[in-house]
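To start, the structure itself, in structure tokens.
Just so it is clear: chains get the letters A, B, ... in the order the sequence lines come, proteins before strands, and each one is counted from 1.
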Protein chains: 2
Amino acid sequence: MLTKQELEEFWAEAGKIYLNHISIDCVVFGFHGGQMKVLMLKSNNEEAWYLPGGFVLKKEPIENAADRILKERTGIDEIFLQQFYVFGDPDRSKIHNEMYKDMLPEDQNFFAKRFISIGYYALVDFFNVIPTPDNFSEVCTWRDLNDLPRFQLDHELIFKTALDTLRLQLNYQPIGYNLMPKEFTMPELQKLYETILDKKLDRRNFQRRMLGFGILNKLETTRKGGAHKAPYLYSFDLENYQAALKEGLKSGW
Amino acid sequence: MLTKQELEEFWAEAGKIYLNHISIDCVVFGFHGGQMKVLMLKSNNEEAWYLPGGFVLKKEPIENAADRILKERTGIDEIFLQQFYVFGDPDRSKIHNEMYKDMLPEDQNFFAKRFISIGYYALVDFFNVIPTPDNFSEVCTWRDLNDLPRFQLDHELIFKTALDTLRLQLNYQPIGYNLMPKEFTMPELQKLYETILDKKLDRRNFQRRMLGFGILNKLETTRKGGAHKAPYLYSFDLENYQAALKEGLKSGW
DNA sequence: TTACAATTGTGTACCAATTACACCATGCAT
DNA sequence: ATGCATGGTGTAATTGGTACACAATTGTAA
């Protein structure tokens with residue numbers, strides 16, 4: 001987090017280097033220990049948490065802005081990003097606007113302006129992420145979807161909209177590919193689908209159907225360790241996966 | 001279309017009343033004579049056509065801005081609108097930016113700025129629309145999807161993205177309801193689906209399935225006139241339609 | 001070493017939905 | 001009145017999804 005003085009310098013400069021009125025907010029999903037996680041940030045001064053976000057440089061494509069922001073928060077370079085909605089209520093950032101209102105004259109005051117926020121969701125391999133706080137926070141960490149904190153501003157709406165979109169797009173986007181590690185077992189993949197969809201699936205039918213798509217490579221090795229039969233490991237056949245998604249995986253879950 | 005002087009006044013004022021950098025573009029779909037249509041505009045000075053669009057007032061929710069813009073172009077009040085994508089390439093409005101570049105100093109020059117455009121698609125009953133040109137055009141009219149003109153800027157991309165979205169959302173949005181007139185025959189409705197999906201559907205299965213959804217009211221009257229058996233007229237049962245869409249119409253087309 | 005518990009891998013019978021096609025009804029044209 | 005094109009309804013065949021049964025494998029405990 002920046003010091004008070006650094007923050008003031010940042011405010012003064014922001015309007016010159018970033019597009020006014022426009023922000024980006026990202027919902028970063030990860031999967032670990034059979035649970036879906038979202039990356040969130042918090043300042044020590046405030047109780048509510050917020051989503052990783054930022055602004056668009058004057059000549060920067062918005063996709064690049066989202067990439068850049070997430071590279072800073074996660075350390076990951078080529079992240080899977082999907083634009084999903086724009087949040088444009090004039091009062092959505094009212095609380096922040098009030099906070100910054102008297103700092104500078106209105107026309108120079110970047111943060112006192114109304115912001116229209118472009119929502120992206122991101123899917124990442126949990127283990128590749130190095131959560132890194134931003135200029136306004138000391139804490140950046142994964143939060144479990146079953147144990148979410150209080151959100152700042154309209155970030156709960158943004159998060160919920162992202163999750164709804166994720167569910168709808170499960171059959172059209174390479175969601176498994178981006179959320180799972182390189183190698184995984186069938187029960188692990190099933191848990192991911194169950195978590196996203198929030199319902200139980202039949203173990204045997206899931207397996208048969210997944211394999212039927214022809215998008216998985218069965219590896220030689222098995223995952224030993226549990227006190228049970230060792231499951232086979234799989235990896236995604238990226239080429240077939242991409243091809244299959246073009247058609248949509250036949251009639252969803 | 002405004003005169004040259006009026007246009008200059010508009011430019012000078014625009015930056016004060018509208019949010020900078022942000023525009024809205026709408027893809028308005030209609031259905032007539034068994035063909036899908038898009039509402040488009042053209043200036044006599046230019047060859048390429050463009051989509052109805054506009055800007056967001058400083059304190060206006062973006063949905064209201066889209067409503068307002070389309071009310072002006074179509075005369076319709078409560079239009080079915082769906083936000084579908086944001087177009088944020090820094091060069092997307094390059095040609096326009098160049099045109100207006102030298103008119104005013106850069107910081108006051110609303111039109112010389114980069115625009116991020118929020119895309120909405122709209123579904124309207126063809127017969128309710130009164131196409132009305134805007135400040136920059138003399139022509140506002142329906143164009144057939146099979147006979148599209150050259151587009152300005154990135155409007156072809158916007159249109160294509162809208163059409164793709166429409167196809168994907170066919171089972172989740174009240175698309176038939178908004179595009180068909182109050183009363184219609186089953187073959188007419190089928191033609192709509194065939195046009196959107198760009199493929200033939202079986203007449204008999206279409207009918208059985210549509211009726212199976214329980215979202216249509218069969219009316220007493222039939223449509224006479226053709227040299228054949230007179231088809232029954234139907235209307236949508238809006239209440240059941242809304243309910244059915246919440247679930248998604250079972251496993252798409 | 002052997003039996004057991006837990007979990008994974010594979011197969012099959014059943015049910016629901018979609019598809020393909022046959023047949024009848026209706027209204028205008030000749 | 002007859003024919004033809006189109007609309008309306010029914011039914012068999014196929015496909016796909018669901019619900020289980022059963023065998024195989026691994027570590028653990030007797």
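Rounded to whole Å, atom P of D:dG16 lies 11 Å from atom CZ of A:R209. Rounded to whole Å, the distance from CD on B:Q207 to C1' on D:dT6 is 12 Å. For the pair A:L233 CG and C:dT8 C1', the computed distance is 13 Å after rounding to whole Å. To the nearest angstrom, C1' of D:dT6 lies 15 Å from NZ of B:K191. Residue B:M186 contributes atom CE, which lies 11 Å from atom C1' of D:dG7 at whole-angstrom precision. What separates CD of B:Q190 from P of D:dG8 is a distance of 11 Å, to the nearest Å. Distance CD (B:E188) to C1' (D:dG7): 13 Å, rounded to an integer number of Å. Rounded to an integer number of Å, the gap from B:Y193 OH to C:dT18 P is 14 Å.
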For this session: List the protein contact pattern of nucleotides 21-30 of chain C with one symbol per nucleotide (5' to 3'): B for base contact, S for sugar-phosphate-only contact, - for none; contact means a heavy-atom distance under 4.0 Å.
Result: BB--BBBS--
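Each end of the helix from C:dT1-D:dA30 to C:dT30-D:dA1 yields a helix axis from five base pairs, and these two axes differ in direction by 20° (to the nearest 10 degrees).
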Report, one line per pair, each donor and acceptor closer than 3.5 Å where one atom sits in a side chain of residues 35-44 of chain A; sequence neighbours left out.
{"from": "A:Q35", "atom 1": "OE1", "to": "A:N146", "atom 2": "ND2", "distance (Å)": "2.7"}
{"from": "A:K37", "atom 1": "NZ", "to": "A:D144", "atom 2": "OD2", "distance (Å)": "3.2"}
{"from": "A:K42", "atom 1": "NZ", "to": "A:E46", "atom 2": "O", "distance (Å)": "2.7"}
{"from": "A:S43", "atom 1": "OG", "to": "A:N45", "atom 2": "N", "distance (Å)": "2.9"}
{"from": "A:N44", "atom 1": "ND2", "to": "A:E138", "atom 2": "OE1", "distance (Å)": "3.4"}

Atom pairs and distances, side-chain donor-acceptor, residues 178-189 of chain B, under 3.5 Å, sequence neighbours left out:
{"from": "B:N178", "atom 1": "ND2", "to": "B:P174", "atom 2": "O", "distance (Å)": "2.7"}
{"from": "B:T185", "atom 1": "OG1", "to": "B:E188", "atom 2": "N", "distance (Å)": "3.3"}
{"from": "B:E188", "atom 1": "OE1", "to": "B:T185", "atom 2": "N", "distance (Å)": "3.0"}
{"from": "B:E188", "atom 1": "OE1", "to": "B:R223", "atom 2": "NH2", "distance (Å)": "3.0"}
{"from": "B:E188", "atom 1": "OE2", "to": "B:R223", "atom 2": "NE", "distance (Å)": "3.4"}
{"from": "B:E188", "atom 1": "OE2", "to": "B:R223", "atom 2": "NH2", "distance (Å)": "2.9"}

Extract all donor-acceptor atom pairs below 3.5 Å that involve side chains of residues 226-237 of chain B and protein atoms in other chains or at least two apart in sequence.
{"from": "B:D237", "atom 1": "OD1", "to": "B:E239", "atom 2": "N", "distance (Å)": "3.3"}
{"from": "B:D237", "atom 1": "OD1", "to": "B:N240", "atom 2": "N", "distance (Å)": "3.2"}
{"from": "B:D237", "atom 1": "OD2", "to": "B:N240", "atom 2": "ND2", "distance (Å)": "3.3"}

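Classification of the B:Y241-B:Y177 ring pair by plane angle, with boundaries at 30° and 60°, yields perpendicular. Ring geometry for A:Y121 against A:F80 counts as tilted: the plane angle lies between 30° and 60°, on a 0 to 90° scale.
Applying the side-chain hydrogen bond (donor to acceptor under 3.5 Å, both in side chains) test to B:D77 and every residue at least two apart in sequence or in another chain returns B:K71. Listed by chain and residue number, B:I24 satisfy the side-chain contact (heavy atoms from CB on, under 4.5 Å) test with B:I69 (two or more places apart in sequence, or in another chain). Every residue two or more places apart in sequence or in another chain that forms a side-chain contact (heavy atoms from CB on, under 4.5 Å) with B:R203 is listed here: B:Q190.
Contact annotation: A:K218 side-chain N/O to C:dT10 OP1/OP2 distance is under 4.0 Å.
Judged as a salt bridge (charged side-chain N to carboxylate O under 4.0 Å, His left out), the pairs with a partner in residues 158-179 of chain B (not counting sequence neighbours) are, in order, B:E156-B:K160.
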